[in-house]
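Encoded as structure tokens, the structure appears first; notes follow it.
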There are 2 protein chains.
Amino acid sequence: MLSYTEENYLKAIYHLAQGGTKAVLTNEIAEMLNTKAASVTDMIKKLSGKNFISYEKYYGVKMTRQGKSEALSIIRKHRLWETFLVQKLQFNWDEVHDIAEQLEHIQSPLLIEKLDAFLNYPKADPHGEPIPDRNGKVQVQAHGCLHEQTLGYKGCIVAVKDSDATLLKYLNKIGATPGKKIELLNKEAYDESLEVLVENKKLSLSKPVAQNILVSLTTR
Amino acid sequence: MLSYTEENYLKAIYHLAQGGTKAVLTNEIAEMLNTKAASVTDMIKKLSGKNFISYEKYYGVKMTRQGKSEALSIIRKHRLWETFLVQKLQFNWDEVHDIAEQLEHIQSPLLIEKLDAFLNYPKADPHGEPIPDRNGKVQVQAHGCLHEQTLGYKGCIVAVKDSDATLLKYLNKIGATPGKKIELLNKEAYDESLEVLVENKKLSLSKPVAQNILVSLTTR
DNA sequence: ATATTTTTTTAGACCAGTCTAAACTTTTAT
DNA sequence: ATAAAAGTTTAGACTGGTCTAAAAAAATAT
């Protein structure tokens, strides 16, 4: 069984590798976990000793099949708990991240199955991120960055990249939350800000905000 | 903020002191937490340094007002989570202890308030134990040991002393769970086993089982 | 191609929590 | 009253996770 800390490292590495097999560097991990490179090196050795990652000195780490599976199980728990907090306990969308960060480490496969059933097998969490199934399969909705869409684009907000609390609060306030319909009306040349229509309300989004909003793409 | 371990010690000491100010011995704590006396001594020093308990060498520890309040907050969380698991996730009464043992350490006062509301402010957990309110007040239902009741006693099962999984499973199987009406029909002189009526079903309970069942007393 | 900068690793230390073994108190038995 | 037994504390060591400072490797600049 993995420790609390090992689980956090695994999750961080998975996210940095963008789910794929991309190599991840020591400093990236250190920054994400607010720790020092030396600590990361230690943990990396431990985790590769347990075959969750493969490690070549000075060249960073890659996740193994086993590591990915473990990371997905943690992500599944995180997203199910977030869904619970919003749907059942009436939390706001932007308040749940830190609590789910704790809940994701609770050890009980049965609990997670029952929670999943209680929530009626949700496909995505309140931020629009897909919830892996019990076998670690992720159903991906094709999506792209709002900032990169062409004028006249119409679709839905599916997710927000950054989980920074102030960004989430802001988006919540202006009503730009996952699931909402969105239309791209105009791009301002000067600061690259966007004028958009969210559920019939006109909004202006700055470049850094638009870059963090992911929207649905119709696969053709 | 208290560590996971500190919280567990505090809870154990509270239970051993039976909520009161009774002094608790080092070995008792060690046994309850499956640890060694030497480890307990170390932790005791730490906890008394933080004013959660008062400590006199060789004479055991007593909880301070602060310590009690902290312990009650953990117990409140534990019992609310147990209630959630049984009422909402359809767990059996006897499966929830270990999971609640983990969940009770989640840090978020707001979460507990919302959970309490979601469960409709329950007064007791599925084992019949009272749930302390947010200020640490416990509403006690007068109760006594089934084994000590006189012939013809009529009342309700309010709780089970021992939280051992095999005992809980057994009681669940025979239907002797908290909340159920119970009547004492007979005492067998030879082995001190009891013949009882639980919701109109005749059952025979051995002495060690009957000693662990707490039943309601009408205060006169 | 070599020097400089950046990144990563190693070495050694620290903290929390645990343990064993030995020393010390208190209690119990005679 | 004293010896033996039981319970508690201390001393010192270990593990998991962290850190700083120094050494080593890789990337970059000239």
Side-chain angles (χ1 to χ4, degrees), chain A residues 1-17 21-63 67 70-71 74 101-102 104-107, chain B residues 1-18 22-63 67 70-71 74 101-102 104-107:
Chain A
M1 224 194 57
L2 291 162
S3 74
Y4 195 101
T5 315
E6 288 171 324
E7 289 195 351
N8 280 335
Y9 270 90
L10 231 39
K11 197 177 51 140
I13 296 169
Y14 181 88
H15 279 133
L16 287 167
T21 327
K22 213 188 105 185
V24 174
L25 277 52
T26 305
N27 265 354
E28 296 176 325
I29 302 171
E31 200 191 343
M32 171 156 290
L33 294 174
N34 278 308
T35 179
K36 293 296 151 73
S39 315
V40 173
T41 302
D42 288 345
M43 182 53 87
I44 274 174
K45 284 182 193 162
K46 210 172 131 192
L47 251 19
S48 85
K50 293 186 181 182
N51 283 313
F52 290 111
I53 55 182
S54 68
Y55 168 47
E56 228 185 316
K57 261 192 187 178
Y58 293 103
Y59 284 95
V61 300
K62 284 182 188 173
M63 303 221 91
E70 196 60 42
I74 301 162
E101 204 75 357
Q102 299 179 58
E104 73 190 7
H105 299 289
I106 302 291
Q107 303 286 355
Chain B
M1 224 192 57
L2 291 162
S3 76
Y4 193 99
T5 314
E6 288 170 324
E7 289 194 351
N8 280 336
Y9 270 89
L10 231 39
K11 197 177 51 142
I13 295 169
Y14 182 87
H15 279 133
L16 288 167
Q18 289 158 228
K22 211 188 110 187
V24 174
L25 277 58
T26 304
N27 264 355
E28 296 176 327
I29 302 172
E31 199 191 345
M32 172 156 289
L33 294 174
N34 278 309
T35 180
K36 295 294 153 73
S39 315
V40 173
T41 303
D42 287 347
M43 182 54 87
I44 274 175
K45 283 182 192 163
K46 210 172 131 194
L47 251 21
S48 84
K50 293 185 180 182
N51 283 311
F52 289 111
I53 54 182
S54 67
Y55 168 47
E56 227 184 318
K57 262 194 186 180
Y58 294 102
Y59 286 94
V61 301
K62 285 183 188 172
M63 305 220 90
E70 195 60 42
I74 300 162
E101 205 74 357
Q102 299 179 59
E104 73 191 7
H105 300 289
I106 303 291
Q107 302 285 354

Can you give one letter per nucleotide of nucleotides 18-27 of chain C, going 5' to 3': B for a protein heavy atom under 4.0 Å from the base, S for sugar-phosphate only, - for none? BBB---BSS-

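A search for salt bridge (charged side-chain N to carboxylate O under 4.0 Å, His left out) contacts involving B/E104 returns B/K11, not counting sequence neighbours. Among residues two or more places apart in sequence or in another chain, the side chain to side chain donor-acceptor pair (under 3.5 Å) test is passed with B/E31 by none. Residues that satisfy the side chain to side chain donor-acceptor pair (under 3.5 Å) test with B/K50, not counting sequence neighbours, are B/E6. With sequence neighbours excluded, the residues forming a side chain to side chain donor-acceptor pair (under 3.5 Å) with B/E7 are B/H105, B/Q107, listed by chain and number. In this structure, A/K57 has no side chain to side chain donor-acceptor pair (under 3.5 Å) partners at least two apart in sequence or on a different chain.
The nearest whole Å value for the distance from the CD atom in A/E56 to the P atom in D/dA26 is 10 Å. For the pair B/I44 CD1 and D/dG7 P, the computed distance is 15 Å after rounding to whole Å. What separates OH of A/Y55 from C1' of C/dT7 is a distance of 12 Å, to the nearest Å. Look at CG on B/N8: it is 15 Å from C1' on C/dA16, rounded to the nearest Å. Atom CE in A/M1 sits about 13 Å away from atom P in D/dG16, given to the nearest Å. Rounded to an integer number of Å, the gap from A/Y4 OH to C/dA16 P is 18 Å. Taking atom CG on B/L25 and atom C1' on D/dT9, their separation rounds to 14 Å, with Å as the unit. Remark: P of D/dT18 and CG of A/L33 are 8 Å apart, rounded to the nearest angstrom.
Note on B/T26: only backbone sugar-phosphate atoms sit closer than 4.0 angstrom, heavy atoms only; bases stay farther off.
For the side chain to side chain contact (heavy atoms under 4.5 Å, CB included) with A/V61, the qualifying choice from A/T26, A/L25, A/I29 is A/I29, the only one to do so.
Contact annotation: B/S3 does not reach the phosphate of C/dA16 (side-chain N/O to OP1 or OP2, under 4.0 Å). The shortest distance between the side-chain N/O atoms of B/N27 and the OP1/OP2 oxygens of D/dT8 is below 4.0 Å.
Within the 4.5 Å cutoff, no side-chain heavy atoms of A/L16 are placed close to those of A/K22.
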